[in-house]
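Indexing begins at 1, ligand by ligand and atom by atom, following the structure's order. These values consider heavy atoms only, across backbone and side chains, with no hydrogens, waters or symmetry-generated copies. Since this is a predicted model, take the numbers as computed values, not measurements.
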Amino acid sequence: MNILLLGSGGREHAIAAKLVQSRHCDKLYIAPGNAGTAAMGENVALNPEDFEAVGRFVIEHNVEMLVVGPEAPLVAGIADHFANTPALARVMVIGPQKQGAKLEGSKDYAKAFMQRHKIPTARYQTFTADTLAEGQAFLETLQAPYVLKADGLAAGKGVLIEPDLATAKAHLAEMLHGQFGSASASVVIEEYLSGIELSVFVLTDGSHYLLLPSAKDYKRIGEGDTGLNTGGMGSVSPVPFADKEFMKKVEDRIVKPTVRGLRDEKIDYRGFIFIGLMNCGGDPYVIEYNVRMGDPETESVFPRLKSDVVELFEHTAEGTLNECSLNVDPRTAACVMMVAGGYPEKYEKGKVITLGEEIDDVQLFHCGTRRADDGQLLTNGGRVICATAMAQTLPEALLKSYYRVATVAWDGQYHRRDIGQDLLKLMI
Ligand code: AMP
Ligand code: GLY
């Protein structure tokens, strides 16, 4: 079949690499893609949020499966558009409809969903400009640090963790008065959870599910988890502390009630659920839901999938995921992200990239790259390229990944040198 994958990051390059391995994939289109996805299929200059244009392309090119990488088109209702347009309703869409996508699109909705289904999460309340005084009073009942979350999508910047009460109160007022535009018209205030974070990925058809490999990502720009938040500076899969016992708790207390909750609320959900968790002394708590795969978690999770991903997606779309099982490579994958100098603040694009030599068991996934007319590879974003290595152990995977990273160069290239170090420490 012909498949259209929406998105342009490292996540999409890693998904594309698996889609083209499938015997069911005839032609893969990626919109808009990057220089890496261009080697996997045909990049198409479409805006994933222009549903009419995406729909026209799908009809003209006889696309049978639409895989949605990022959250924005899902939150805006691309799956609904396909389901409700007669000429598109036959297309298998991987990604939930608008109602399901609210699990990521509205933090307040997600928290209320967790509360309804008794899913462990931090205690919270939601406030608007009209209830600012009540919000400030609620802050007084909590202990430092204070967690403030813009209700809507804020490009990953809408969560503030405040060390003291006065700053938390001041920032609550700023958020409610439009700091993140309409995304912070409502603000969730919640208890701070202390522990180690982990990302759990579920593929569900709305009734059945498969648990994909877990991963850990590294969000801060600086070594030792310091400095500003980024899209993610590296990832590792599996996560050593996510052992059988811990994952059983995750499945029983979180995954099962989440999928059951979606079904009981008659929410048509066919796609990924990415659960951001905190391991608090051996007990998992949900920090957030996302309705897509993570980036750069996908770059360490997808290389480990040995099952035919297109078959999994077909069963997801048809509601028969119970007929599938997952075949996972037991090796460890470690992904190190290389970014533009200055990222996540101001940075330049258009730097010439040299890729160095390929080595066995290491893949480069492109994030922000493009090919110039003369064929040169150029930087085209903050996160530029990542290297994922597979090996029997985490130390070996990290060693190989860093060996590869050392050969990739452009003016201003930066990467963290401590990806996976916290996990190594737990292992020693
Ligand atoms: P989110 O966008 O909800 O994933 O939040 C961004 C980051 O803020 C998370 O990855 C956590 O590191 C942190 N965070 C969010 N909520 C909490 C919480 N309740 N307690 C501690 N850290 C949190
Ligand atoms: N790596 C975190 C995310 O994709 O949201």
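- Of all protein heavy atoms, the one lying nearest to atom 21 (C) of ligand 1 is Leu193 O, 3.2 Å.
- Considering backbone and side-chain atoms alike, Glu191 places an N or O below 3.5 Å from some N or O of ligand 1.
- Among residues two or more places apart in sequence or in another chain, the salt bridge (charged side-chain N to carboxylate O under 4.0 Å, His left out) test is passed with Glu288 by Lys107.
- Annotation: atom 12 (O) of ligand 1 to nearest protein heavy atom, Glu197 OE2, 2.4 Å.
- Using a 4.0 Å threshold on non-hydrogen atoms, atom 7 (C) of ligand 1 does not count as touching the protein.
- Considering backbone and side-chain atoms together, Ile161 places no N or O closer than 3.5 Å to any N or O of ligand 1.
- Judged as a salt bridge (charged side-chain N to carboxylate O under 4.0 Å, His left out), and not counting sequence neighbours, the contacts of Arg270 are Asp268.
- Considering both main-chain and side-chain atoms, Asp217 comes within under 3.5 Å of ligand 2 through a nitrogen or oxygen pair.
- Between Phe57 and Tyr29, the ring center distance clears the sub-6.0 Å criterion.
- For atom 5 (O) of ligand 2, the choice among Glu297, Glu104, Arg292 with the nearest heavy atom turns out to be Arg292.
- Proximity of Val159 to ligand 1, defined as any heavy-atom pair under 4.0 Å, is confined to the side chain (atoms from C-beta onward).
- Using a non-hydrogen distance threshold of 4.0 Å, Asn229 does not register as a contact of ligand 1.
- Among all non-hydrogen protein atoms, the one lying nearest atom 19 (N) of ligand 1 is Glu190 OE2, 2.7 Å.
- Residue Phe274 has at least one heavy-atom neighbour below 4.0 Å for each of these atoms of ligand 2: 3 (C), 4 (O), 5 (O).
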